Amino acid sequence: MASTDREADVKAAAAGSDGDAELPLSGVRIVELASVVAGPSVGKYLSDFGAEVIKVERPGLGDSTREMGQSVGSRSAWWVVMGRNKRSVTIDLKSEEGRGAFLRLCRTADVVVESQRPGVLESLGLAPEVLQEENPELVVVRISGFGQTGPYARRPGFGTLAEAFSGLASVTGTESGPPMLAPTAIADEVAGLFATWALMVALYGRDVGGGAAQVIDVSLFEALMSTLGPLPTLYRENGYLQGRHGSRLPWSAPRNIYRSRDGEHFALSGTAPGPAMAVLRLVGGEQLAADRRFSSAQGRGENADELDRIVAAWIAERDADELDRIFAREDIAAVRVMDLRQALEHPHLRARESVIEVEDEEVGTVAMQAPVPRFNRTPGRIRHTGPRLGADNDEILKELGLTAARKETQS
């Protein structure tokens, strides 16, 4: 990138300072001007694989996830996880000194990830084109609820609204019940994943393909809408509007959650022909598998109520442990529905170390999900939990040659 020799040295030193120079994203510097979940999840994912993430926070306040939800000891569990591997610097972007410091920081960066409401950066004099004047190779990732353009662009943009606006909530829930929202920050997490791969595409195009830096517009509602498969196509072409079907799918049967005799629940999938026929043979033998009502995907979909009744009745006659053994032996695509307690204690998760213990300077060790995906040669690492607000002020501002202006920058 086009940076001064001093700035290049700063980046190189920071990349190797924690012994992670061998990770694939070592040397990539990301400035995170984002809060809550969607934007910060980008830095969370990429820092696991060596990217240096400098989180710019408001003096005295910081990211709202620092105070969000339940705590682990004295710390928000959200912040412990979302802030992992990052460095924290407080900069007042409403002051001239603060904006100057931010622009200096952008000169040293490869990427800026921001999740301000559209128009906020422009009002501060920090629009993407201004940032790219300072650093022509800077990739700017903008994450918002409704995108940077259109009539809704400047409306409040939270994941809850994205679920409603994208069409996802309208197909979630039972047939007789109201639309439902996910009990997790699903819109933020999905948008963060889209932003993460988009950022990597832009860096590849810039560094390998010889292209220019880009500004990337990621909206929460479009990220969710992209998960709806052919539903927008079916409506536009055929006028088909999918309703709410609980745990069933209108184009896949058998597919549902079924209750065992002893009150446990199992999720079963017969979406593909092979797994579907295996279920039919299990619960009704060759006679059921040969039944013309169920011998094709279309037939199974058209007769889903009857097929559901047959499968549910067979499962309801057996206890959960027996079902576990049968499904494993017969290679049936079904698994017990587990709460988190059961999942975290399961031998499979333990064998894969899907949840690991990370040291936290205030509360000791903290459990959190291990980095994903898994790399065989350079697996991701969680080096530390979310840092204290402004923990890296002195070091970062000194790197930028702003030691004398530290107080003004953080005021």
Side-chain angles (χ1 to χ4, degrees), residues 36-38 40-49 63 65-86 159 163 172 180-193 196 227 247 255-269 315 318-329 331-376 378-387:
V36 196
V37 178
S41 70
V42 179
K44 179 189 71 172
Y45 296 131
L46 297 182
S47 69
D48 287 348
F49 294 94
D63 193 320
T65 54
R66 290 180 177 274
E67 306 294 333
M68 190 167 75
Q70 295 188 40
S71 297
V72 177
S74 59
R75 310 238 286 152
S76 162
W78 270 106
W79 172 248
V80 165
V81 174
M82 295 304 298
R84 73 190 193 204
N85 295 334
K86 300 176 184 179
E163 288 185 58
T172 305
M180 294 189 71
L181 301 169
T184 63
I186 188 70
D188 295 76
E189 295 284 6
V190 171
L193 288 170
T196 298
T227 70
S247 295
R255 194 267 196 180
N256 211 332
I257 290 179
Y258 303 94
R259 190 176 187 273
S260 67
R261 182 167 56 191
D262 54 351
E264 297 287 326
H265 292 87
F266 284 79
L268 182 147
S269 174
I315 289 177
R318 292 160 177 82
D319 290 338
D321 289 345
E322 180 187 2
L323 290 166
D324 269 333
R325 291 191 294 270
I326 293 172
F327 291 151
R329 183 184 70 229
D331 200 27
I332 300 298
V335 70
R336 194 185 304 219
V337 176
M338 298 187 291
D339 60 26
L340 268 177
R341 175 186 57 81
Q342 295 169 310
L344 295 178
E345 293 175 357
H346 196 280
H348 185 74
L349 271 75
R350 288 183 177 274
R352 288 183 58 84
E353 297 182 316
S354 301
V355 173
I356 61 175
E357 298 287 336
V358 181
E359 289 294 327
D360 181 271
E361 62 180 10
E362 293 185 35
V363 298
T365 57
V366 179
M368 66 180 69
Q369 300 94 320
V372 291
R374 293 167 182 260
F375 286 31
N376 70 327
T378 56
R381 298 177 187 168
I382 302 176
R383 298 175 292 286
H384 60 79
T385 59

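Because the structure is a prediction, the values reported are computed rather than measured. One-based numbering along the sequence shown.
Within a 6.0 Å radius of CE in Met180, other residues, nucleotides and ligands contribute 12 heavy atoms or fewer.
With sequence neighbours excluded, the residues satisfying side chain to side chain donor-acceptor pair (under 3.5 Å) with Asp63 are Lys55, Thr65. For the side-chain contact (heavy atoms from CB on, under 4.5 Å) test, residues two or more places apart in sequence or in another chain that qualify with Arg325 are Asp321, Glu322. Under the rule for a side-chain contact (heavy atoms from CB on, under 4.5 Å), the partners of Asp339 that lie at least two apart in sequence or sit in another chain are Arg341, Gln342. Residues satisfying the side-chain contact (heavy atoms from CB on, under 4.5 Å) test with Leu193, not counting sequence neighbours, are Tyr45. For Ala77, the side-chain contact (heavy atoms from CB on, under 4.5 Å) test picks out Val72, with sequence neighbours left out.
The closest side-chain heavy-atom distance from Arg350 to Glu345 is below 4.5 Å. When side chains are defined from C-beta on, Pro371 does not count as touching Arg381, because their heavy atoms never get closer than 4.5 Å. Phe327 places a side-chain heavy atom less than 4.5 Å from the side chain of Ile315. Side-chain contact check for Val36 versus Trp78: every heavy-atom pair is 4.5 Å or farther apart. With contacts defined as side-chain heavy-atom distances shorter than 4.5 Å, the pair Ser247/Asn256 qualifies. Residues Ile332 and Ile326 have side chains not in contact (no heavy-atom distance under 4.5 Å, counting atoms from C-beta outward). Using a 4.5 Å heavy-atom threshold, the side chains of Asn85 and Ile382 count as touching. Arg84 is listed as a side-chain neighbour of Asp48, based on a closest heavy-atom distance under 4.5 Å.
Closest of all the heavy-atom pairs between Asp188 and Gly159 is OD1-CA, 3.7 Å. Smallest separation of non-hydrogen atoms from Phe266 and Ala320: CZ-O, 3.5 Å. Shown here for Glu264 and Arg336, the closest heavy-atom pair between the two residues is OE1-CD, 3.7 Å. Scanning both residues, Ser269 and Arg255, for their nearest heavy atoms gives CA-CG, 4.4 Å. Contact between Met68 and Ser76 at its shortest, heavy atoms only, is O-OG, 2.8 Å. Here the closest heavy-atom approach between residue Glu189 and residue Ser41 is recorded as OE1-CB, 4.1 Å.
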Give the table of side-chain donor-acceptor pairs shorter than 3.5 Å for residues 353-360, with sequence neighbours excluded, one pair per line with atom names and distance.
| unit_1 | atom_1 | unit_2 | atom_2 | d |
| --- | --- | --- | --- | --- |
| Asp360 | OD1 | Glu362 | N | 2.9 |
| Asp360 | OD1 | Val363 | N | 2.9 |
| Asp360 | OD2 | Arg75 | NE | 3.2 |
| Asp360 | OD2 | Arg75 | NH2 | 2.6 |
| Asp360 | OD2 | Thr385 | OG1 | 2.5 |

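Remark: the backbone N or O of Ala187 is not paired with any side-chain donor or acceptor of Glu163 at under 3.5 angstrom.
Here Leu349 contributes atom CG and Leu344 contributes atom CG; the two are 6.5 Å apart, rounded to the nearest 0.5 Å. For the atom pair CE of Met82 and CE of Met368, the computed distance is 11.0 Å after rounding to the nearest 0.5 Å.
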